[in-house]
There are 2 protein chains.
Amino acid sequence: MATTSWDDVKAARMGDSVVEAAYAAAQLAFELGEQVRAMREERGWSQRELSALTGMSQPAIARFEAGGTTPTLPILERIAIAFDATLSVQLKSKAVA
Amino acid sequence: MATTSWDDVKAARMGDSVVEAAYAAAQLAFELGEQVRAMREERGWSQRELSALTGMSQPAIARFEAGGTTPTLPILERIAIAFDATLSVQLKSKAVA
DNA sequence: AAATCTGATACCATCGTTGGTATGTCTTGA
DNA sequence: TCAAGACATACCAACGATGGTATCAGATTT
């Protein structure tokens, strides 16, 4: 084997993963957007009010709620704080089999 | 009130939030890095092997595990897939009081 | 009808993460 | 001692999210 062999051997398998991950992240972004919109409306806040509380722009809130972008963790933290909520990010092993 | 009033009124309160959120995100990044390193070593994988599986570079893995950067959700998804794990991101309301 | 508020979209500048590469150090093994 | 592997760090280019602003459509109110 020429190169490291790992790069080659796993390359094919990895190709799918990146796409799969991108799709999963997009779905996550969409769901988070929906949840934030629900929490915001629950409190009767406008996008402008939430943007002021989080230091974000109103367009950023709109994009995020629509699932147009995948939010960063710092942004999610700011939103959590605005809602007096807790941000939880976990990597949970599926099966131990 | 001159401008929208929201921008002004909440501005002071928001200042702390941004810093607080940045700190929280950094801590989250650190903990995630530790967890990923643990999961990786648990499987006897080198950073190079994990980088091949996730389509990331070895330096990116090193930075991430050291907590040097705050990972993006797509990256976390790729890592989760490599570990055959599930990525969970939740905004949980604290008290309902 | 006019004014106002809300949410959505577009454009551009900026910032942070990441990719890619090279390099350095340390450890292990031949 | 030398070679190879593993991890860390540095530098730069590319990409995506965000900030800021302006604008637009729809709904509400006067």
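Letters A, B, ... are given to chains in the order of the sequence lines, protein chains preceding strands, and every chain is numbered from 1. Because the structure is a prediction, the values reported are computed rather than measured.
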Can a side chain N or O of A:T69 be found less than 4.0 Å away from OP1 or OP2 on D:dG16? no
Rounded off to whole Å, could you give me the CD1-to-C1' distance for the A:I61 and C:dT6 pair? 13 Å
What is the distance from atom CZ of B:R43 to atom CG of B:L53, rounded to the nearest 0.5 Å? 10.5 Å
Looking at C:dT18, D:dA8, D:dG19, which one has an atom nearest to any side-chain atom of B:P71? C:dT18
Which of C:dG7, C:dT17, D:dT18 is nearest the side chain of B:T72? It is C:dT17
Counting only side-chain heavy atoms from C-beta out, which of C:dT9, C:dT17, D:dT18 sits nearest to B:T70? C:dT17
To the nearest angstrom, how far is A:R48 atom CZ from C:dT6 atom P? 8 Å
When the distance from CG of B:L28 to C1' of C:dT17 is rounded to whole Å, what number comes out? 16 Å
Could you please name the option among C:dG19, C:dG7, D:dT18 that lies closest to any side-chain atom of A:S46? C:dG7
When rounded to the nearest 0.5 angstrom, what is the spacing between OG1 in B:T54 and CD1 in B:I81? 10.5 Å
Roughly, in whole Å, what's the span from CD in A:E49 to C1' in C:dT4? 15 Å
Under 4.0 angstrom, heavy atoms only, what part of the nucleic acid is B:Q58 near: base, sugar-phosphate, or nothing? base
Calculate the interatomic distance between A:M56 atom CE and D:dG20 atom P; express it in whole Å. 11 Å
Which listed nucleotide (C:dA8, C:dT9, D:dG20) is nearest to the side chain of A:R37? C:dA8
Give a yes/no answer on whether the side chain of B:R40 brings an N or O atom under 4.0 Å of OP1 or OP2 in D:dC7. yes
Between D:dA17 (P) and A:E65 (CD): distance, integer Å: 17 Å
What contact category does B:I75 fall into here, base, sugar-phosphate, or nothing, at under 4.0 angstrom with non-hydrogen atoms? sugar-phosphate
Checking contacts here: which listed nucleotide (C:dG19, D:dG20, D:dA10) is nearest the side-chain heavy atoms of A:S57? D:dG20
Identify the heavy atoms of B:F64 and B:L76 that sit nearest to each other, and give their distance. CZ-CD2, 4.1 Å
Mind checking the CD-CG spacing from B:Q90 to A:L28? Nearest 0.5 Å is all I need. 10.0 Å
From CG of B:L50 across to P of D:dC7 the rounded distance in Å is 10 Å
Salt bridge flag under 4.0 Å for residues B:E65 and B:R40: yes
Rounding to a whole Å, what distance do you find between A:L73:CG and D:dT18:C1'? 14 Å
Quick note, B:Q47 side chain, CB onward, closest among C:dA8, C:dC11, D:dA8 is D:dA8
Keeping the roles fixed (side chain from A:Q35, backbone from B:L91), state whether a donor-acceptor pair exists under 3.5 Å. yes
Minimum-distance nucleotide to B:R63 side chain [options: C:dG20, D:dT18, C:dT9]: C:dG20
Using the closest heavy atom to pick a nucleotide of DNA chain D for each, name whichever of A:L76 or B:P59 lands nearer the 5' end. B:P59
